[in-house]
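Working notes for the structure below.
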Amino acid sequence: AETFRSVGLPQSPRPGAGVDPAAAELPKPAITPQALADRLTRLAQQPLSAEQRSHCDELIAWSSRIAKQGLVEPSYRLGRYEVKPGDWLLMRNPSPYNLFTDLSPGLFTHVGVVTSERGSDGIERMVIVDLPERGAKMPATNVEIFLERTLHYVFLRHPDPEIAATMAESARQMIGNDTEFDLNFRTDRVLELKGQPLNGKKIQTYCAGLLLVCAQQTSADRRDFFPLDEYPAPGKTVTNLAKLGMSFGAQFISPTGAMFSPKLALVGRREPMYDPAREIEEAVFDRFASQLITEELVPTPDLFDSLRLKVAEAAKHNALLAQALAAAAGVSKEMDLVAAAKAAAVVETLDEIAFGASAEFFAAREAIRSGGEAALRRAGATEAKLKTTRMYRQRHADLVQQFERGTLTPRRLRTSLVAYYSQSGQREIDRRFFSGK
């Protein structure tokens with residue numbers, strides 16, 4: 001309990017988490033404030049010294065107060081630092097968008113805004129508001145749960161408490177609003193909202209545009225937040241993206257642009273953590289983005305992609321079909337469904353290649369370290385498992401021999417497989433999108 005008090009006690013899930021399909025997929029908290037209070041109450045009934053009983057009673061009162069009312073401070077502790085309403089969260093996850101702008105490579109690929117929210121249960125929580133590519137409503141997620149989905153991130157804070165409070169209120173007003181993710185990365189629709197109450201307003205922008213929505217409601221100048229003019233990456237990027245129904249609007253901003261602000265202070269971050277899967281995925285995504293600059297995009301859609309595009313084109317003249325297609329895709333019915341279909345065909349293929357390559361890495365490493373077919377049979381492995389293991393051990397026969405002789409360290413095994421599946425994924429990118437060049 002003392003450790004939780006020092007590093008941050010997980011918040012209770014937001015009301016409706018069991019009903020909302022997206023919220024149902026979120027990680028569950030390690031423990032809730034009420035569960036901790038219950039554990040401490042049971043402990044207090046055991047023989048304790050007077051000092052221990054006093055300490056336990058203090059912790060029961062603290063956890064019970066949080067269980068009943070939620071936030072008891074104007075901030076929320078995350079380990080060594082605290083976040084406050086109005087803070088900006090910049091995240092980096094494997095993404096094809098990382099090299100699309102002249103701030104290349106982009107440090108960050110997604111954003112969120114911290115705010116406090118009082119739920120229908122009367123409990124106040126610190127949440128992250130973000131605009132995901134899929135979905136038609138603005139979500140809010142408990143801050144500590146949201147951070148379980150990203151390895152690299154920073155929090156930025158404006159030093160003026162009034163400006164921070166205005167941005168927090170702007171984010172709070174947008175929770176649950178209708179959204180439409182803009183695949184043309186425009187900010188002009190955001191500018192139309194300046195100075196208006198945001199309750200119930202439809203938000204038509206992309207992830208970084210959400211930061212501008214909040215920033216422009218304050219008295220501060222836009223360049224206090226985004227001091228650099230940003231442009232698309234050079235070469236053939238703009239022409240290639242147009243084939244996907246995507247473009248860059250004027251006054252574009254990226255999730256990385258805010259890092260150059262002279263006003264925003266870095267108040268918290270997660271130290272970079274290594275993950276071999278992410279190294280492979282980033283190598284694959286970066287190959288796609290770098291090839292967009294120098295090569296001509298020649299996508300090779302499969303039958304499903306072609307059918308989806310035809311349905312999207314037909315939906316232009318059929319409102320019911322458009323509504324059904326949007327509902328199936330989990331996007332706003334006002335979105336350009338043809339552009340969305342083109343982009344989805346590419347993004348889903350990219351994900352298939354990148355995540356497929358990283359999954360093969362783990363399967364290959366497991367097969368090499370398995371001890372072979374005999375060991376797996378003794379452990380009761382299925383025939384399907386044996387077949388998969390056999391395939392990977394044949395593919396990497398030289399690594400199997402070295403590993404079993406003891407001349408290949410686990411680290412060298414990892415680096416060899418990471419290089420192999422990174423290159424394999426990159427070759428597949430070239431085959432599917434750039435005529436094998």
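For this chain, numbers begin at 1 and follow the sequence in order. Note that the coordinates shown come from a computational prediction; the quantities given were computed from them, not determined experimentally.
Residue pairs meeting the ring-ring contact (aromatic ring centres under 6.0 Å, His included) criterion with at least one partner in residues 156-178, sequence neighbours excluded, are H158-F225. Sequence neighbours left out, the pairs with a member in residues 401-411 that pass side-chain hydrogen bond (donor to acceptor under 3.5 Å, both in side chains) are R393-E404. Residue pairs meeting the salt bridge (charged side-chain N to carboxylate O under 4.0 Å, His left out) criterion with at least one partner in residues 249-269, sequence neighbours excluded, are R269-E271.
Residues forming a salt bridge (Lys or Arg N to Asp or Glu O under 4.0 Å) with D229 (at least two apart in sequence, or on another chain): R223. Taking Y392 as the reference, nothing meets the ring pair (Phe, Tyr, Trp, His ring centres under 6.0 Å) condition, with sequence neighbours excluded. Listed by chain and number, the residues in a ring pair (Phe, Tyr, Trp, His ring centres under 6.0 Å) with F4 amount to none (sequence neighbours excluded).
Using a cutoff of 4.0 Å between basic side-chain nitrogens and carboxylate oxygens, E124 and R118 are scored as salt-bridged.
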Worked verdict on T150 versus N93 for side-chain hydrogen bond (donor to acceptor under 3.5 Å, both in side chains) = CA-CA 6 Å; T150 181; N93 290 314; 3.1 Å; yes
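Of the possible polar contacts, one joining the T415 side chain to the R412 backbone as a donor-acceptor pair under 3.5 Å is found. Checking side-chain atoms of Q216 against main-chain N and O of V190 turns up a donor-acceptor pair under 3.5 Å.
The side-chain heavy atoms of W62 and L36, taken from C-beta on, include a pair separated by under 4.5 Å. The side-chain heavy atoms of E373 and T389, taken from C-beta on, include no pair separated by under 4.5 Å. With a 4.5 Å cut-off on side-chain heavy atoms, M174 and V113 do not count as touching. L131 has its side chain within reach of M138: a pair of non-hydrogen atoms, C-beta onward, lies under 4.5 Å apart. Using a 4.5 Å cut-off on side-chain heavy atoms (C-beta onward), Q173 and K201 make no contact. Within the 4.5 Å cutoff, the side chain of E383 has heavy atoms near those of the L386 side chain. Looking at heavy atoms from C-beta onward, V284 lies out of side-chain contact with F288 at the 4.5 angstrom threshold. Counting heavy atoms from C-beta on, the side chains of P139 and D130 come closer than 4.5 Å.
R125 and S12 share a side-chain donor-acceptor pair at under 3.5 Å. Side-chain contact, S116 with R172: a donor N or O sits under 3.5 Å from an acceptor N or O.
Under the 30°/60° scheme for interplanar angles, the aromatic rings of F185 and F248 are found to lie parallel.
Sparse packing is recorded around CZ of R39, with 12 or fewer heavy atoms of other residues, nucleotides or ligands lying under 6.0 Å away. Counting non-hydrogen atoms of neighbouring residues, nucleotides and ligands closer than 6.0 angstrom, the CD atom of E51 reaches no more than 12 such neighbours.
Checked against the 6.0 Å centroid threshold, F181 and H110 do not count as a close aromatic pair.
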